[in-house]
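Please read through the structure below; I'll follow up with questions.
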Amino acid sequence: QVQLVESGGGLVQAGGSLRLSCLTSGIIFSILDMAWFRQAPGKERELVARITSGGSTNYADSVKGRFTISRDNAKKTVYLQMNSLKPEDTAVYYCNADLRRSMTWWGQGTQVTVSS
C-alpha cells in the first residue's frame, strides 16, 4: 500500500519558520511528482508547491520567495521549508503524490498555525 505520512506541523509565531516532511512508502519514490496543498477554514484547497520527478518546481504566488519544496530520493521524502510565516498561512497542509496524472495519493494532513 502506498502511504504518505506528514510531520513537522505545529504552532509558530508570525515571521518564524517551519519545516514539513512527508515520508512515502509502498512505491518507487523517484518516479512520482510530489506536491504540498493546504486548506484553511472556509477556503478551498490550494496548491502550495510542486516538485516533479525531474526536480522542476513551481509555487503559488502567495508563497513565492518564502517557501521551498525539495525532495530526497534516497529517503523517499519531500520537504516544505516555510520561512517568514504569516497568519494567512494557517491551514492543514497535505502531502500529495502523483503518478503521471493517472494515480494520486494523499497524506492525512498536518496542522500549521501561525499566530500574530
Side-chain angles (χ1 to χ4, degrees):
Q1 296 180 351
V2 176
Q3 289 189 321
L4 283 66
V5 181
E6 301 101 332
S7 62
L11 176 64
V12 65
Q13 293 183 358
S17 298
L18 211 58
R19 189 195 196 198
L20 305 183
S21 299
C22 175
L23 175 65
T24 67
S25 62
I27 194 168
I28 300 176
F29 179 77
S30 61
I31 68 175
L32 299 171
D33 294 339
M34 302 296 300
W36 289 95
F37 290 76
R38 68 186 181 187
Q39 187 164 22
K43 303 293 184 180
E44 294 184 348
R45 185 196 66 184
E46 66 172 342
L47 174 67
V48 177
R50 173 176 282 126
I51 183 166
T52 69
S53 60
S56 299
T57 61
N58 60 81
Y59 299 89
D61 288 342
S62 60
V63 307
K64 286 181 179 177
R66 300 189 298 121
F67 291 10
T68 302
I69 188 170
S70 61
R71 65 193 295 156
D72 186 332
N73 286 348
K75 295 182 177 180
K76 299 182 178 182
T77 301
V78 63
Y79 305 95
L80 185 67
Q81 179 66 48
M82 304 183 293
N83 299 324
S84 302
L85 283 162
K86 305 173 181 179
E88 50 262 47
D89 295 318
T90 295
V92 177
Y93 284 70
Y94 297 93
C95 182
N96 171 264
D98 182 82
L99 179 59
R100 293 284 182 171
R101 297 180 297 278
S102 62
M103 290 287 291
T104 190
W105 298 269
W106 295 90
Q108 285 288 97
T110 184
Q111 177 71 48
V112 172
T113 302
V114 184
S115 62
S116 300

Spacing of CH2 belonging to Trp105 relative to SG belonging to Cys22, to within rounding of 0.5 Å:
12.5 Å
Mind running ring-ring contact (aromatic ring centres under 6.0 Å, His included) on Phe67 and Trp36 for me, showing each step along the way?
CA-CA 11 Å; Phe67 291 10; Trp36 289 95; over 10 Å; no
Return yes if some donor-acceptor pair links the side-chain N/O of Asp33 with the main-chain N/O of Ser53 below 3.5 Å, else return no.
yes
Thr90 side chain vs Val114 backbone, donor-acceptor pair below 3.5 Å
yes
Report yes if the side chains of Val78 and Ile51 come closer than 4.5 Å at any heavy-atom pair, otherwise no.
yes
Do Leu18 and Leu85 make a side-chain contact, defined as non-hydrogen atoms from C-beta onward lying under 4.5 Å apart?
yes
Rounded distance (nearest 0.5 Å) linking atom CZ of Phe29 with atom CG of Asn73
5.5 Å
Pro87 and Gln13, any side-chain heavy atoms less than 4.5 Å apart:
no
More than 12 foreign heavy atoms under 6.0 Å from CD of Gln108: is that the case here?
no
Between the main-chain N or O of Leu4 and the side-chain N or O of Thr24, is there a donor-acceptor pair closer than 3.5 Å?
no
Between Glu6 and Gly109, is there a donor-acceptor pair closer than 3.5 Å when you use the side chain of the first and the backbone of the second?
yes
To the nearest 0.5 Å, atom CE of Met34 lies from atom NZ of Lys76 at 12.0 Å
With a 4.5 Å heavy-atom cut-off, do Leu80 and Thr68 have their side chains touching?
no
Roughly how far apart are Ser70 OG and Asp72 CG, rounded to 0.5 Å?
8.0 Å
So which heavy atom on Ala14 is nearest to which on Ser116, and how close?
CB-CA, 4.5 Å
Can you tell me if Ile28 has over 12 outside heavy atoms packed within less than 6.0 Å of its CD1?
no
Distance in Å, Glu46 CD paired with Ser62 OG, rounded so as to fall on 0.5 Å steps
5.0 Å
What distance separates Ser115 OG from Leu11 CG, expressed to the nearest 0.5 Å?
5.0 Å
Please assess Arg50 against Thr57 for the test side-chain contact (heavy atoms from CB on, under 4.5 Å), listing each intermediate value before the final yes or no.
CA-CA 5 Å; Arg50 173 176 282 126; Thr57 61; over 6 Å; no
Same cluster or not: are Trp106 and Leu23 linked, directly or through other Ile, Leu, Val, Met, Phe, Trp or Tyr residues, by side-chain heavy atoms under 4.5 angstrom apart?
no
Looking only at heavy atoms, which two atoms of Thr77 and Ser21 are closest? And how far apart?
CG2-CB, 4.3 Å
Does Asp89 pair with Arg66 as a salt bridge, N-O distance under 4.0 Å?
yes
Tell me whether Tyr94 is reachable from Tyr59 by hopping between hydrophobic residues (I, L, V, M, F, W, Y) whose side-chain heavy atoms are closer than 4.5 Å.
no
Derivation and outcome, side-chain contact (heavy atoms from CB on, under 4.5 Å), residues Asn58 and Lys64
CA-CA 9 Å; Asn58 60 81; Lys64 286 181 179 177; over 6 Å; no
So which atom in Val92 and which in Gln111 form the shortest heavy-atom distance, rounded to 0.1 Å?
CG2-OE1, 3.3 Å
Under 6.0 Å from the ring centre and within 45 degrees of the ring axis: does the NZ or CZ of Arg71 meet both conditions for the six-membered ring of Tyr79?
no
Does Leu99 belong to the same Ile/Leu/Val/Met/Phe/Trp/Tyr cluster as Ile69, with side-chain heavy atoms less than 4.5 Å apart forming each link?
yes
What about Val5 and Val48, same hydrophobic cluster or not, with Ile/Leu/Val/Met/Phe/Trp/Tyr joined at side-chain heavy-atom distances under 4.5 Å?
no
Going by atom types only, do Ser17 and Asn83 share a side-chain donor-acceptor pair under 3.5 Å?
yes
